[in-house]
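See structure below.
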Amino acid sequence: MVVKVYGPIMAACPQRVMACLLEKDVEFEIVHVDLEAEEHKTSDFLLRQPFGQVPAIEDGDFKLFESRAIIRYYAAKYEERGPNLLGNSLEGRALVDQWLEVEAHNFNDLVYTLVLQLVVLPRMGKHGDVVLARSCEQKLEKVFDIYEQRLSNATYLAGDSFTLADLSHLPGIRYLVNDAGMGHLVAERKHVNAWWEAISNRSAWKKLMKLVNY
């Protein structure tokens, strides 16, 4: 059964899901949702995602939304296939969940706001709020300082193996480094930079980047 992923292939949250599916070698197809045309606000799409956000998935009769819930689902459904993305013990799983929460609540919103102001709005011919973007950059400096400390004691955020905790950061950091001109946030931190080099060179992520034509 081919998994249907509803959302634009260029958007960060659908990319989070696609990266997980590629890690687990799960076949999927993209069902494009045009955000500029507000297709995510149509009555048909709201039946899939009542909050009008992307992505949503359809796997046979099963439907699910929220990217982090989706990657947790597929990491568990195909736990025996490919890399173990959930952690190898109860404590390991707890650490994965901890860093997924950090990514969702301390990292993602700052990246989203910064990219919106510096990249998305200017591409639409609108002026971004440079002061707001600078504030997000300063807050991200502190977040990455915490990551640097953590990664000085572990190869990956949740320990010695790549997990969902790392995977979930891939789209956001790519936007920071490649589109928003914020590569210094990564490059200036030895352990964060080594971590980024490791996770961004995984074959699944490279496949996704090729698929997206980056």
Working to the nearest 0.5 angstrom, can you tell me the gap between [X] [atom1] and [Y] [atom2]?
X: M10; Y: N213; atom1: CE; atom2: CG; answer: 8.0 Å
X: C136; Y: L116; atom1: SG; atom2: CG; answer: 9.5 Å
X: R174; Y: M209; atom1: CZ; atom2: CE; answer: 6.0 Å
X: I146; Y: N106; atom1: CD1; atom2: CG; answer: 7.0 Å
X: L151; Y: N193; atom1: CG; atom2: CG; answer: 11.0 Å
X: I173; Y: N178; atom1: CD1; atom2: CG; answer: 11.0 Å

Please examine the side chains of [Y] and [X], heavy atoms only from C-beta on, and report whether any two atoms are closer than 4.5 Å.
X: I9; Y: Q15; answer: no
X: F28; Y: I57; answer: no
X: Q98; Y: R93; answer: no
X: Y74; Y: V17; answer: no
X: L114; Y: L140; answer: yes
X: L46; Y: H40; answer: no

Within the side chain of [X], is there an N or O that forms a donor-acceptor pair under 3.5 Å with the backbone of [Y]?
X: Q49; Y: G52; value: yes
X: S168; Y: A165; value: no
X: Q117; Y: A133; value: no
X: E27; Y: M1; value: no
X: S152; Y: Q149; value: yes
X: K4; Y: G60; value: no

Tell me whether the count of non-hydrogen atoms from other residues, nucleotides or ligands lying under 6.0 Å of [atom1] in [X] goes above 12.
X: K41; atom1: NZ; value: yes
X: E141; atom1: CD; value: yes
X: Q138; atom1: CD; value: yes
X: K190; atom1: NZ; value: no
X: E36; atom1: CD; value: no

Run the salt-bridge test on [X] and [Y] with the 4.0 Å N-O cut-off and return the result as yes or no.
X: E23; Y: R16; result: no
X: R68; Y: E101; result: no
X: R72; Y: D97; result: yes

I need the minimum non-hydrogen distance between [X] and [Y], along with the two atoms involved.
X: Q53; Y: E66; answer: OE1-OE2, 3.9 Å
X: T163; Y: A158; answer: OG1-CB, 3.9 Å
X: I70; Y: P55; answer: CD1-CG, 4.2 Å
X: C20; Y: A75; answer: SG-N, 4.3 Å
X: S67; Y: C13; answer: CB-O, 3.6 Å
X: A19; Y: A204; answer: O-CB, 4.2 Å

Output, in order, the C-alpha distance, side-chain angles, deciding distance and verdict of side-chain contact (heavy atoms from CB on, under 4.5 Å) for R189 and Y147.
-> CA-CA 9 Å; R189 293 165 175 81; Y147 283 30; over 6 Å; no
Side chain to side chain donor-acceptor pair (under 3.5 Å) assessment of E103 paired with H169 = CA-CA 7 Å; E103 184 272 326; H169 285 82; 5.6 Å; no
Please assess L121 against H127 for the test side-chain contact (heavy atoms from CB on, under 4.5 Å), listing each intermediate value before the final yes or no.
-> CA-CA 6 Å; L121 291 177; H127 293 291; over 6 Å; no
Compute both the distance and the angle, then confirm whether R48 meets the cation-pi test with Y6: under 6.0 Å from the six-membered ring centre, within 45 degrees of the axis.
->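 Positive - R48 is close enough to the ring of Y6 and near enough to its axis.
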Can you list the steps and then say if V5 with V31 is a side-chain contact (heavy atoms from CB on, under 4.5 Å)?
-> CA-CA 6 Å; V5 180; V31 181; over 6 Å; no
Sort out for me which residue in L167, L170, I199, L22 forms a side-chain contact (heavy atoms from CB on, under 4.5 Å) with W205.
->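 Only match with W205 under side-chain contact (heavy atoms from CB on, under 4.5 Å): L170.
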Identified side-chain contact (heavy atoms from CB on, under 4.5 Å) partner of S161 from the options D166, N88, N84, L85 |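 When side-chain contact (heavy atoms from CB on, under 4.5 Å) is applied between S161 and each of D166, N88, N84, L85, only N88 qualifies.
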Would you please name every residue forming a side-chain contact (heavy atoms from CB on, under 4.5 Å) with V119, sequence neighbours left out?
->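 By the side-chain contact (heavy atoms from CB on, under 4.5 Å) rule, V119 matches V115, R123, D179, A180.
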Non-neighbouring partners of Y78 that pass ring-ring contact (aromatic ring centres under 6.0 Å, His included), sequence neighbours left out =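 By the ring-ring contact (aromatic ring centres under 6.0 Å, His included) rule, Y78 matches no residue at all.
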May I have all residue pairs that pass ring-ring contact (aromatic ring centres under 6.0 Å, His included) and include part of residues 43-62, sequence neighbours excluded?
->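 Pairs touching residues 43-62 that pass the test: F62-Y73.
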E29/V3 under side-chain contact (heavy atoms from CB on, under 4.5 Å): CA gap, chis, key distance, verdict | CA-CA 6 Å; E29 65 174 289; V3 177; over 6 Å; no
Would W99 and F107 count as a close aromatic pair, with their ring centres under 6.0 Å?
->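 Ring centres of F107 and W99 not closer than 6.0 Å.
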